[in-house]
Protein chains: 2
Amino acid sequence: MHALPKVITAAVVEDDRGSREALVAALSAVDGFHCSGAFASGEEAVVQLPELLPDVVLMDIQLPGWNGIETIQRLKEKMPGSDFIMLTVLDDEESVFRSLCAGASGYLLKHASVMEILEAIRVVHEGGAAITPDIARLVVRSFQPQSTPGLSHRESEVLGRLCEGENYRSIAEALFISTNTVKAHIKGIYGKLHVNTRAGAVKRALRDRLV
Amino acid sequence: MHALPKVITAAVVEDDRGSREALVAALSAVDGFHCSGAFASGEEAVVQLPELLPDVVLMDIQLPGWNGIETIQRLKEKMPGSDFIMLTVLDDEESVFRSLCAGASGYLLKHASVMEILEAIRVVHEGGAAITPDIARLVVRSFQPQSTPGLSHRESEVLGRLCEGENYRSIAEALFISTNTVKAHIKGIYGKLHVNTRAGAVKRALRDRLV
DNA sequence: GTGTGATCCACCCATATGGGTAATGGCGCA
DNA sequence: TGCGCCATTACCCATATGGGTGGATCACAC
């Protein structure tokens, strides 16, 4: 099949006038793209964008009032079919993860070229995620196990079962030991994880991928 | 600074002889790359690769004996400084996430061109992650909240606190309600989440990002 | 105007959990 | 050989938790 000359509509939310107008100009000039709107604040975007329903929204993070992440959260509810790409100077883990959790499908740094931005728009519109390799590494690393705080083999085993919601007796039976021993191991785990409840242990285990 | 003509050493673990030799040939032929070894099974790789210590390892998933994911887990321990790229025909979520959790920094499908593979090797060696936009979308989507099974606002609030390891009393005080009411909400949560312990609820909440 | 769901509260009861303390044997390392 | 860590078990006790049942108000929809 030969590529349909389908135009991708995109909108811009960016408080810096220069950047905003440059993006609008690029979207207007390049074949295959159309700029359906540009806004200087999240508040304006939230009231107007759901009407325009662009395919893709380019979003700055640092905005006056609602920041880009809050804005995306609100927009996602009203326009779940649209895709969002963060376009920001911030490259810290916090900003990246918060953006992705809020619903962004792409994350570009502002030194990206116009061509890269347009390519990113095309990518997310085709169902991909537009993240640069270094951002991707952050994301991928978050899947990998963190340094376990010296849990013994047995303790890891017990922790795994705690995470499954098993109780003393169930764990004891599975490991062929007494419930008292299970308690002893759990005490060890709590000490090493600096928690004192199952919920706390499960949270640490899942969040830090100790399991 | 002008690019150092530093050679990146790479190894291949792939049971199909044709594919393996093609990769070795590419790595040997192209400037800037050097092939330090090729193996047809995980078992062979695990004994020999830690000696060769290549910068990057290309790993098939479907191998006889240990699969590529198990193999990476073992290799990561012995050579934490090396990077791993999966090179596979499998594109299901399961394989992707298992690979990343095992320590892969890249994930390519086998229809990738030789140039793309070499580029991926360069990328991971420079500290990035080599994943295609469609794989990236899977990964990014995993950060985003799943459909909450009809938890009420109050129940979400309580669930959030359960995940923090708070107990009845602590939650009750924070929300200015009685512990009995907290119990009532927790019962509601357990029902909707199909669990019957805190640990189970916390697990569901964190794994499915309902919080 | 009746029903449904959210939110709030109370009481009973069996069991699970967390904390404290103590003891045994094995294993590796100094 | 002694010290430390691990795995194992035991016992006591206060509190937390989960399940069952029942009832109140309020809002919103049919």
Side-chain angles (χ1 to χ4, degrees), chain A residues 73 77-78 145-211, chain B residues 74 77-78 145-211:
Chain A
Q73 283 173 328
E77 289 178 23
K78 294 168 191 274
Q146 311 297 304
S147 60
T148 302
L151 290 188
S152 71
H153 175 63
R154 207 52 159 173
E155 285 166 344
S156 296
E157 224 169 337
V158 172
L159 180 56
R161 292 179 180 274
L162 282 188
C163 291
E164 296 305 310
E166 295 189 39
N167 59 16
Y168 288 145
R169 200 180 36 226
S170 162
I171 298 175
E173 285 168 6
L175 302 184
F176 304 107
I177 55 182
S178 83
T179 57
N180 285 311
T181 306
V182 174
K183 282 188 67 166
H185 287 311
I186 292 180
K187 284 182 213 190
I189 294 169
Y190 288 177
K192 291 178 183 172
L193 261 46
H194 308 297
V195 299
N196 55 2
T197 64
R198 282 165 130 68
V202 171
K203 181 192 172 196
R204 283 268 283 135
L206 293 181
R207 192 172 52 76
D208 296 349
R209 296 178 196 275
L210 314 173
V211 280
Chain B
R74 291 168 212 262
E77 289 178 24
K78 294 169 190 274
Q146 310 299 305
S147 61
T148 302
L151 290 188
S152 73
H153 176 64
R154 208 51 158 172
E155 285 166 343
S156 296
E157 225 170 336
V158 172
L159 180 55
R161 292 179 181 275
L162 281 188
C163 292
E164 297 304 310
E166 295 189 39
N167 58 17
Y168 287 145
R169 202 181 36 228
S170 162
I171 297 174
E173 285 168 6
L175 301 184
F176 305 106
I177 57 182
S178 83
T179 56
N180 286 310
T181 306
V182 175
K183 282 187 67 167
H185 288 311
I186 291 180
K187 285 182 213 193
I189 294 170
Y190 287 178
K192 291 177 185 173
L193 261 47
H194 307 298
V195 299
N196 56 1
T197 63
R198 284 166 128 68
V202 171
K203 182 194 172 195
R204 283 269 283 136
L206 294 182
R207 190 170 55 75
D208 297 347
R209 296 179 194 274
L210 316 171
V211 282

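Keep in mind that this is a model prediction, so the values were computed, not measured. Quick note on labels: first sequence line is chain A, next is B, and so on, each numbered from 1.
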Visitor: Tell me whether the side-chain N/O atoms of B:Asn180 come closer than 4.0 Å to OP1 or OP2 in C:dC9.
Guide: no
Visitor: Roughly, in whole Å, what's the span from CG in A:Leu193 to C1' in C:dG18?
Guide: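 After rounding, the reported distance stands at 15 Å.
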Visitor: Take the protein atom CD1 of A:Ile189 and the nucleotide atom C1' of D:dC6, then report the distance between them rounded to whole Å.
Guide: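 One finds 13 Å between C1' of D:dC6 and CD1 of A:Ile189, rounded.
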Visitor: Looking at A:Tyr168, does any N or O in its side chain come under 4.0 Å of the phosphate oxygens OP1/OP2 on C:dG18?
Guide: yes
Visitor: OP1 or OP2 of D:dG18 versus the side-chain N and O atoms of B:Thr197: is any pair under 4.0 Å?
Guide: no
Visitor: Can you tell me if the side-chain N/O atoms of A:Thr181 get under 4.0 Å from OP1 or OP2 in D:dT8?
Guide: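 Checking D:dT8 against A:Thr181, no side-chain N or O comes under 4.0 Å of OP1 or OP2.
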Visitor: Between C1' on C:dC8 and CD on B:Glu155, what's the gap in Å once rounded to a whole number?
Guide: 13 Å
Visitor: Could you check which of D:dC6, D:dA10, C:dA6 has an atom nearest any side-chain atom of A:Ser152?
Guide: D:dC6
Visitor: Could you tell me whether the side chain of A:Lys183 has a donor or acceptor atom within less than 3.5 Å of a complementary atom in the base of C:dG20?
Guide: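 Between C:dG20 and A:Lys183, which were checked side chain against base, a qualifying N/O pair under 3.5 Å is absent.
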Visitor: Quick one: is the NZ or CZ of A:Arg198 closer than 6.0 Å to the six-membered ring centre of A:Tyr168, and within 45° of its axis?
Guide: yes
Visitor: Grab the CD1-P distance between B:Ile171 and C:dC8 for me, whole Å please.
Guide: 13 Å
Visitor: Of all the nucleotides listed (D:dG18, C:dT7, C:dC9), which has the minimum atom distance to the side chain of B:Arg154?
Guide: C:dT7
Visitor: Is there side-chain contact between A:Ile186 and A:Leu162, with at least one heavy-atom pair below 4.5 Å?
Guide: yes
Visitor: Mind checking the CG-CZ spacing from B:Leu159 to B:Arg154? Nearest 0.5 Å is all I need.
Guide: 14.0 Å
Visitor: Select one nucleotide: of C:dG19, C:dC8, D:dG20, the one nearest the side-chain heavy atoms of A:Lys187.
Guide: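 Nucleotide nearest to A:Lys187's side chain: C:dG19.
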Visitor: Could you state the CG-C1' distance from B:Leu175 to C:dA6, rounded to the nearest angstrom?
Guide: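 Nearest whole value for this atom pair: 15 Å.
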Visitor: Rounded to whole angstroms, how far apart are CG on B:Leu151 and P on C:dT7?
Guide: 10 Å
Visitor: Where the side chain of A:Lys192 is concerned, which of C:dG18, D:dG18, D:dC6 is the nearest nucleotide?
Guide: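 Nearest to the side-chain atoms of A:Lys192, counting from C-beta on, is D:dC6.
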Visitor: Choose from D:dT9, C:dG18, C:dT7 the nucleotide whose nearest atom is closest to any side-chain atom of A:Ala184.
Guide: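 Looking only at side-chain atoms, A:Ala184 lies closest to D:dT9.
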Visitor: Does the side chain of B:His185 get closer than 4.0 angstrom to OP1 or OP2 of C:dC8 through an N or O atom?
Guide: yes
Visitor: Given C:dG19, C:dA16, D:dT9, which nucleotide is nearest the side-chain atoms of A:Arg169?
Guide: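 Comparing C:dG19, C:dA16, D:dT9 against the side chain of A:Arg169, the answer is C:dA16.
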Visitor: Does NZ or CZ of A:Arg204 come closer than 6.0 Å to the centre of the six-membered ring of A:Tyr190, within 45° of the ring's axis?
Guide: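 Output no; distance or angle outside limits.
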Visitor: I'd like to know if the side chain of A:Glu155 reaches the main chain of A:Ser152, judged simply by a donor and an acceptor atom lying under 3.5 Å from each other, with no hydrogens or angles considered.
Guide: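 At least one qualifying donor-acceptor pair exists.
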Visitor: I want to check something: taking the side chain as every heavy atom from C-beta on, are A:Val182 and A:Leu175 in contact at a cut-off of under 4.5 Å?
Guide: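 No, side chains not in contact.
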Visitor: Where each residue is assigned the nucleotide of DNA chain C containing its nearest heavy atom, which of B:His153 and B:Thr179 is assigned the position nearer the 5′ end?
Guide: B:His153
Visitor: What's the CZ-P distance between A:Arg198 and C:dT15, to the nearest Å?
Guide: 17 Å
Visitor: Where the side chain of A:Ile177 is defined as all heavy atoms beyond and including C-beta, which of D:dC6, C:dT7, D:dT9 is the nearest nucleotide?
Guide: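 Closest of the options to the side chain of A:Ile177: D:dT9.
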Visitor: In this structure, how many angstroms lie between the P atom of D:dA7 and the CD1 atom of A:Ile186, rounded?
Guide: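 Answer to the nearest Å: 14 Å.
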